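In listed order, ligands and their atoms are each counted from 1. What you are looking at is a predicted structure, and each value in this text was computed from that prediction instead of being measured.
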Amino acid sequence: MVVLLNILMTRLLIIFLSCLLIGSAVEQYESPKITDSNEFSLMFPNERTSLDDCHLRFYKLNPDVEVKPVFGKPVPLKEFAHMGAIGWTQRSGNILWQCGGTLIWDNFVLTAAHCAVDSSNQAPDVVRFGDINLFSSDDDKYAQQLKIVNVIRHPMHKFSANYHDIALVKLEKSVRLHDTVAPACLWLDKELRFRKLEATGWGRTGFAQEQTPVLLKVTLKPISNEQCSQFYSSSINRKLRFGLHEQHICAVDERMDTCEGDSGGPLQIKLMHNSKVTPFVVGITSFGSTCGTSTPGVYTRVADYHGWIVSTMREKGAAVDENTFNATFCALRYLDYREYEDAVIVSKSAEFTSYNSANARINVRGDTSQLAKIGWDSDGRGNCFGVIVDEDTVLTIADCTHFKGSAPTILTYGGNNTAVISKIHVHPGYIEGSAYDNIAILKLAELLDLPIGFQPSCIWHGNEIPYTILRVMGYGRIDMSDFALYKPILLDPTETFLHIQARVFNESSCVLPNSYLRSLPRGFSREHICVGNDVFLVPESCRPMLGASVAETMGINYRKYHITFALNQQSRDCGFGEYMLATRLSSHIEWLKSVLLPSYQDTSSTLRFLDPDLQEGSSCENDAGLEGRCVTLANCSVEWPKFLAEGTAKFCSSSNVICCPLTNIKNADNSPIHLELLECPKLVKRLAVAYPPGSMVKIGWIHGEKIEFRCYGAIITKLIIIVSASCLSDGVPQFVQLVANVPRKSFDIDSILLHKDYNSTENSNDIALVRLRRPLAWSEDVFPTCLWTNESHVPLVMKATFEGNNKRIGYDFVAPMYNSDCQRSHPRKIHRSQICARSYKRKSTCISMSDQLRWDAPDGVSYLVGLIAHASDCVNWRYAVFTRITSFLDWISAVAF
Ligand SMILES: *[C@@H]1O[C@H](CO)[C@@H](O)[C@H](O)[C@H]1NC(C)=O
Ligand SMILES: *[C@@H]1O[C@H](CO)[C@@H](O)[C@H](O)[C@H]1NC(C)=O
Ligand SMILES: *[C@@H]1O[C@H](CO)[C@@H](O)[C@H](O)[C@H]1NC(C)=O
Ligand SMILES: *[C@@H]1O[C@H](CO)[C@@H](O)[C@H](O)[C@H]1NC(C)=O
Ligand SMILES: *[C@@H]1O[C@H](CO)[C@@H](O)[C@H](O)[C@H]1NC(C)=O
């Protein structure tokens with residue numbers, strides 16, 4: 001139960017309708033004052049060179065706040081609610097409690113056949129429930145004592161032998177079901193996967209005098225009958241003429257300091273469902289084991305007697321059939337009376353326990369937005385999933401990329417949306433049936449249609465996992481997993497996704513089902529993650545989702561991100577009891593990069609030439625024999641993709657450092673950027689400006705009587721206005737008007753200069769300068785726009801300005817995008833001298849005639865990062881393509897002064 005609160009940004013003052021967008025809210029410029037949030041200082045790189053950029057690439061504007069509710073409930077002891085003490089009333093009126101039994105139905109108790117009579121051949125006559133201490137009346141508030149009307153031994157049981165030691169006890173009437181008195185379920189599977197079982201009892205077999213007054217439980221380890229027969233062979237034990245049989249279960253107390261439970265009492269396992277635990281009886285305490293030794297106890301295997309139990313109960317009038325003890329139905333039948341699992345218990349006192357449902361190890365509600373289901377055209381695997389890590393990329397395990405010779409073709413995500421798989425990259429090291437390199441990338445034909453604010457999952461890079469608990473997924477019946485909160489659970493077989501909290505285990509503490517081992521001939525390795533829960537689930541209540549993420553949400557800059565650490569390879573019962581084996585993403589980062597990063601992919605053949613000895617600054621010689629130096633890509637004026645295409649590129653120590661011919665190295669000391677541009681921030685700060693649009697002008701045309709303003713420009717010096725070339729392409733304007741507060745003064749235009757390479761077809765080099773006839777005078781209302789000069793990064797939270805309905809400047813928060821991302825859906829080539837940005841809040845980014853991409857720095861200076869092509873109406877795109885100012889700093893410096 002997570003509630004997300006949107007924290008409204010305090011400085012968003014006036015909201016009005018913008019452009020042609022219906023009902024969309026846009027903030028109006030009021031003041032450059034910026035709150036102290038550090039989000040306005042975050043920077044976004046121009047080039048995508050790492051996969052570790054998810055927190056920037058999918059940044060959200062509003063911080064997330066989490067609220068977790070806690071509730072409490074008074075609880076009496078429930079743990080032993082199925083435990084009955086079987087008693088023999090003596091002539092004195094005293095009752096001797098000599099056997100234990102398990103309530104399995106309202107009026108039936110399961111016990112050992114040898115409990116059918118005592119040493120004087122008397123049958124027991126009473127069973128007592130809900131009483132922890134039989135010899136004290138302090139805890140008798142919940143006790144229920146019922147008379148026995150019938151004891152039915154298994155027909156093949158003989159008192160002279162230790163076989164078929166099972167009996168049913170019928171009570172005079174039904175117990176009153178209560179938290180402290182409720183039947184257990186039966187474990188009917190012959191397979192015992194449990195590493196530990198519990199036995200409960202008041203004392204030792206038969207020796208009433210030595211009974212412990214308080215109900216005890218001991219933890220036992222099941223051992224095989226082969227191991228057990230060294231203690232119990234036909235030669236040692238005359239009651240075992242045929243040795244141990246399948247009907248026997250052996251279990252040993254490894255601590256050797258307690259005794260097992262009463263004769264007839266249960267050997268049990270607690271299985272989880274609905275955040276509660278239900279006891280399942282596995283065996284009935286039969287014989288063996290003396291205190292303080294490692295001799296195992298022997299128990300009658302209940303699963304062998306299912307048929308007899310059902311038919312006998314039916315004969316004696318109970319309305320039961322072969323489905324009555326079905327694990328699912330039985331668990332749900334008594335759900336109200338079960339205790340909560342430990343994980344949801346926050347605090348516990350004698351009278352009151354507090355719970356937090358948010359801690360539940362299984363939750364039926366949760367975010368599945370990063371989940372994709374993998375589908376085949378016809379027959380395919382039904383339980384293959386993947387995690388969306390990008391708008392066109394899904395990660396999964398290699399096992400999920402083939403089924404009977406055919407590959408998956410389609411993905412389902414976000415409810416009923418579908419996407420076509422266009423390419424499948426399987427790790428080259430993967431061998432079918434092997435748990436190594438079991439990872440694959442699915443690329444999609446088109447970008448996913450994802451809701452605004454959607455965040456794909458982030459790929460975790462670190463080798464260490466910063467959490468002890470991670471989230472995994474499974475699916476199963478909703479009624480078996482929904483959190484049980486004071487409500488009657490109705491049978492509902494609908495299947496749903498289950499969100500599971502699983503602990504991370506290291507190699508030595510990882511418990512995997514034996515069936516996985518054949519895919520691990522070299523054993524568990526660093527490329528695996530083991531996660532799970534010690535507790536076992538009711539069988540069939542959680543089915544695995546192969547390829548789904550092992551993830552957690554992480555807070556970065558006050559935002560929550562879904563981080564994927566690994567992908568589920570194999571899991572039985574969703575990692576409950578025995579754990580889940582998952583593919584660790586960080587072990588495959590280099591391969592993921594080689595497929596996912598745009599530059600990596602292009603350079604896969606060239607990368608072989610990478611020389612680790614060549615550091616930044618080292619002398620080098622490129623493949624064409626030209627002398628050069630190792631510099632970062634941004635410091636080399638040759639466009640490196642062109643370089644690569646010609647086969648002349650050579651990388652130095654990393655794919656970001658290139659051997660650049662000496663003549664192409666940009667000289668940092670001799671900056672081509674004019675000093676006045678560089679000093680702008682200082683000037684603006686000195687002017688203590690009040691209103692950022694004070695550095696903007698409207699460009700005006702006079703048509704006879706009529707005045708037309710077609711677009712906006714940014715003041716960069718007292719004489720120069722910068723504007724998009726497309727604004728000026730249909731005729732020379734006559735004047736500019738200040739946007740500054742009052743008065744709206746106009747200035748005549750002297751001349752205009754369009755960039756010589758401006759191409760109106762594709763809007764490249766869409767930049768122009770307007771020169772004024774008279775210089776402006778700086779004031780707190782009229783001042784320059786500073787130009788963004790960082791050539792490698794742009795701010796992460798920028799504003800796109802435009803003219804609102806009331807002719808005032810408004811803005812929308814926009815996020816920069818990598819050109820490679822933008823290019824995926826853009827119809828034309830996006831040049832490096834352009835930059836894309838999308839709205840943080842809307843599916844479309846409205847472009848109108850005044851748009852400038854700006855960054856209002858925390859210190860109050862407003863920078864121009866991009867200019868947009870002139871558009872007469874609002875153009876609704878998912879993103880907008882701007883002219884990137886940093887690409888034109890040299891040009892501006894050269895022609896403006
Ligand atoms: C219990 O019943 C359910 C529903 O009919 C069925 O799917 C499941 O297989 C049964 N469980 C066992 C152990 O037979
Ligand atoms: C593995 O985990 C167990 C239990 O947390 C711990 O005792 C043990 O030291 C760990 N082993 C290694 C090799 O880290
Ligand atoms: C360019 O090189 C200079 C030194 O020549 C260095 O200080 C600067 O950081 C480099 N810039 C980039 C973007 O690599
Ligand atoms: C403008 O760009 C288009 C599309 O890339 C190209 O075909 C055309 O030749 C360019 N025009 C000029 C004058 O360079
Ligand atoms: C550009 O911004 C990045 C990120 O803030 C920073 O690391 C880098 O030094 C800046 N480059 C220059 C030349 O200022």
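No option in I767, I699, D766 other than I699 meets the side chain to side chain contact (heavy atoms under 4.5 Å, CB included) test with V723.
With sequence neighbours excluded, the residues forming a salt bridge (Lys or Arg N to Asp or Glu O under 4.0 Å) with E791 are K666, listed by chain and number. Take R543 and apply the salt bridge (Lys or Arg N to Asp or Glu O under 4.0 Å) test, not counting sequence neighbours, and it matches E495. R828 meets the salt bridge (Lys or Arg N to Asp or Glu O under 4.0 Å) test with no other residue; sequence neighbours excluded.
Near S508, with a cut-off below 4.0 Å to any heavy atom, the atoms of ligand 2 are 1 (C), 11 (N). Close approach of ligand 1 to F329 (heavy-atom distance below 4.0 Å) involves ligand atoms 2 (O), 4 (C), 5 (O).
Polar contact with ligand 1: absent for T328 (N/O pair, distance under 3.5 Å).
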- With ring-ring contact (aromatic ring centres under 6.0 Å, His included) as the test, would you mind laying out the steps for Y334 and H82 before giving the verdict? CA-CA 11 Å; Y334 306 110; H82 57 293; over 10 Å; no
- Query: Yes or no on side chain to side chain donor-acceptor pair (under 3.5 Å) for T278 and R338, after CA distance, side-chain angles and deciding distance?
  - Reply: CA-CA 6 Å; T278 287; R338 304 304 184 195; 3.2 Å; yes
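Contact residues of ligand 4 (protein heavy atom closer than 4.0 angstrom to a ligand atom; sorted by chain and number): N759, E762.
A cation-pi arrangement is absent between R584 and F565 under the rule of less than 6.0 angstrom and at most 45 degrees off the ring axis.
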